[in-house]
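Being a predicted model, the structure only gives us computed values, none of them experimental.
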Amino acid sequence: MYPLEHLYSIKAYEEWQNWKSAGSNSKLKDFKQSSCEVRDDLDWEIASWDELRTAISFLTLMNKRHVLYFRGQKEYYDLCLPTLFREEWSFKGRNISLTEDNQVKFYTKLLEFRTSVLKVAEKTGTPRSHILKHVPAAAASILQHYELWPTYFIDVTRSLSIATAFAEGQGKDRDLAYLFVFAMPDLRGSITSDMDQHVSISRLEAICPPDAIRPHHQNAYLVARFPEPPNITDCKDSTWKTWRRNMDLMKRLVAKFVLKLENGKLSGAPFIDFNFLFPPGGKDMFGKLLYDTLEPKIIDFIECELSINRDRPRLNRK
């Protein structure tokens with residue numbers, strides 16, 4: 001992804017607060033930061049929803065050439081990578097190591113699963129399937145959102161309250177959570193790309209059938225690096241290496257908030273039940289049918305991959 005160099009973030013916000021309280025004024029342009037500087041700067045601590053809302057309002061106003069997206073996490077990581085490029089992926093209690101040697105294998109299998117997404121969407125009676133038929137990345141973003149396969153997309157949302165709920169989680173024993181703000185180009189439509197910024201954005205509510213409740217409730221968007229490399233079959237391919245190396249969403253970072261929680265919640269934040277975010281049982285008909293269709297294929301692939309890893313000879317190290 002193309003890194004951002006001139007953003008208004010915590011330094012500009014602090015300067016604004018200083019001159020506002022002093023009744024003076026200064027040029028906030030002098031306090032712009034790059035995404036790299038924001039990442040390496042001190043954490044932006046937030047103790048209440050009102051503080052968070054004010055900070056986001058400032059960032060939205062000042063970074064007017066960008067659209068802000070949010071991602072809530074219970075833990076902090078220096079990198080913000082799609083699942084396919086992390087060290088491990090889990091499915092139904094099975095933990096699978098992801099390495100440079102098998103990532104391409106998972107990616108190749110993803111290409112096969114895309115057709116299953118289309119068939120399930122048509123089976124649920126979607127009124128529009130054109131995007132799933134002709135844009136393969138649309139199906140990949142759905143698989144990522146439903147956590148059915150490690151893909152090159154990463155989940156974000158336009159809803160601050162939804163992102164805060166994900167950061168809080170369900171436990172009451174944590175006193176800290178993390179919320180990240182990312183700046184993206186103003187892209188509209190179902191799945192759109194900006195060649196100059198090397199970004200694709202998938203808006204799931206404009207892709208999934210009406211029976212897909214989960215992405216609608218989560219105001220789900222997914223982001224990937226663009227363009228997707230064609231005809232990749234080898235992890236040593238230079239195009240693949242470049243694609244993987246530039247996947248870090250931190251290149252678009254505007255702010256990293258540390259939320260101070262009380263009994264696991266940010267003071268004053270809207271309450272969102274996790275049964276709303278993750279509809280239980282068969283309430284999400286599309287998600288359930290997609291899961292039932294792909295689960296046997298996924299488990300077969302995982303068992304095969306685990307078997308290969310078990311049978312692979314180990315080198316003696318002295």
What I want to find out is whether Asp30 reaches Lys32 closely enough, with some N-O distance under 4.0 Å, to be called a salt bridge. no
Assess the residue pair Trp89 and Ile302 against the criterion (side-chain contact (heavy atoms from CB on, under 4.5 Å)); give the C-alpha distance rounded to whole Å, side-chain angles, the decisive distance to 0.1 Å, and a yes or no. CA-CA 10 Å; Trp89 174 65; Ile302 289 174; 3.7 Å; yes
When you look at Phe91 and Leu148, which way does the side-chain contact (heavy atoms from CB on, under 4.5 Å) test go after all the steps? CA-CA 8 Å; Phe91 184 78; Leu148 284 167; 4.0 Å; yes
N-O pairing of Glu228 and Arg114 below 4.0 Å: yes
Keeping the roles fixed (side chain from Asp41, backbone from Glu37), state whether a donor-acceptor pair exists under 3.5 Å. no
Could you check if a side-chain atom of Thr83 sits within less than 4.5 angstrom of a side-chain atom of Gln144, using non-hydrogen atoms only? yes
Atom CG in Leu110, atom CG in Leu84: separation rounded to 0.5 Å? 8.0 Å
Please find out if less than 6.0 Å separates the ring center of Trp16 from that of Phe31. no
Within a reach of under 6.0 Å around CZ of Arg128, are more than 12 heavy atoms found that belong to other residues, nucleotides or ligands? no
Go through the steps for His217 and Phe276 under the test ring-ring contact (aromatic ring centres under 6.0 Å, His included), then give the verdict. CA-CA 7 Å; His217 283 192; Phe276 175 82; 3.9 Å; yes
Do Trp240 and Tyr107 have ring centres separated by under 6.0 Å? yes
Please determine whether salt bridge (Lys or Arg N to Asp or Glu O under 4.0 Å) holds for the pair Arg214 and Glu147, giving the CA-CA distance in whole Å, both sets of side-chain angles, and the decisive distance to 0.1 Å. CA-CA 12 Å; Arg214 175 168 161 172; Glu147 302 172 274; 2.8 Å; yes
Using the ring centroid of each side chain, check whether Trp243 and Tyr152 are separated by less than 6.0 Å. yes
Is the Phe278 to Phe166 ring centre distance short of 6.0 Å? yes
Using a strict threshold of under 4.0 Å (side-chain N to carboxylate O), is an ion pair present between Glu112 and Lys109? yes
With a sphere of 6.0 Å drawn around NZ of Lys11, does it hold more than 12 non-hydrogen atoms of other residues, nucleotides or ligands? no
N-O pairing of Glu295 and Lys92 below 4.0 Å: yes
Taking atom types as modelled, find out whether Asp211 and Thr124 have a side-chain donor-acceptor pair closer than 3.5 angstrom. no
Consider only side-chain N and O atoms of Thr157 and Gln218, and report whether a donor and an acceptor are under 3.5 Å apart. no
Take the angle between the ring planes of Phe106 and Trp149 and call it parallel below 30°, perpendicular above 60°, tilted in between. tilted
Treating Asp194 as the side-chain partner and Gln197 as the backbone partner, does any N or O pair qualify as donor plus acceptor under 3.5 Å? yes
Rounded to the nearest 0.5 Å, the OG atom of Ser9 sits from the CD atom of Glu14 at a distance of 9.0 Å
So does Glu168 pair up with Lys74, basic N to acidic O under 4.0 Å? no
For Asp78, I'd like to know if atom CG has over 12 heavy atoms of other residues, nucleotides or ligands within 6.0 Å. no
Kindly say whether Leu204 contributes a backbone atom to a donor-acceptor pair with the side chain of Ser202 at under 3.5 angstrom? no
Got more than 12 heavy atoms from elsewhere within 6.0 Å of CD, Gln17? yes
Would you name the heavy atoms of Ile46 and Glu51 that are closest together and state the gap between them? CA-OE1, 3.8 Å
Just by distance, do the side chain of Asn102 and the backbone of Ser97 share a donor-acceptor pair under 3.5 Å? yes
Check Trp44 against Ala55 and note the closest heavy-atom contact, atom names and distance. CZ2-CB, 3.6 Å
Judged by atom type as modelled, is there a donor-acceptor pair below 3.5 Å linking the side chain of Arg252 to the main-chain atoms of Val181? no
Any carboxylate oxygen within less than 4.0 angstrom of a Lys/Arg side-chain nitrogen, looking at Lys288 and Asp284? no
Could you list who else is in Ile201's hydrophobic cluster, with ILVMFWY side chains joined at under 4.5 Å, directly or through other members? Met1, Val38, Val67, Tyr69, Tyr76, Ile154, Val156, Leu176, Tyr178, Phe180, Phe182, Met184, Leu187, Val199, Tyr221, Val223, Leu249, Met250, Leu253, Val258
Has Thr126 got a side-chain atom pairing as donor or acceptor with Glu122's backbone, closer than 3.5 angstrom? no
Output yes when a side-chain donor or acceptor of Arg203 lies under 3.5 Å from a complementary backbone atom of Gly189, and no otherwise. yes
Does one side chain, of Asp155 or His145, offer a donor that lies under 3.5 Å from an acceptor on the other? yes
Using a 3.5 Å distance criterion without hydrogens, assess whether the side chain of Asp237 forms a donor-acceptor pair with backbone atoms of Ile232. no
Can you list, pair by pair, the side-chain donor-acceptor contacts under 3.5 Å of residues 259-272, counting residues two or more places apart and other chains?
{"unit_1": "Lys260", "atom_1": "NZ", "unit_2": "Glu45", "atom_2": "OE1", "d": "3.0"}

In this structure, NZ of Lys123 is separated from CG of Leu289 (nearest 0.5 Å) by 5.5 Å
Salt bridge check: are Glu100 and Lys236 linked by an N-O gap of less than 4.0 Å? no
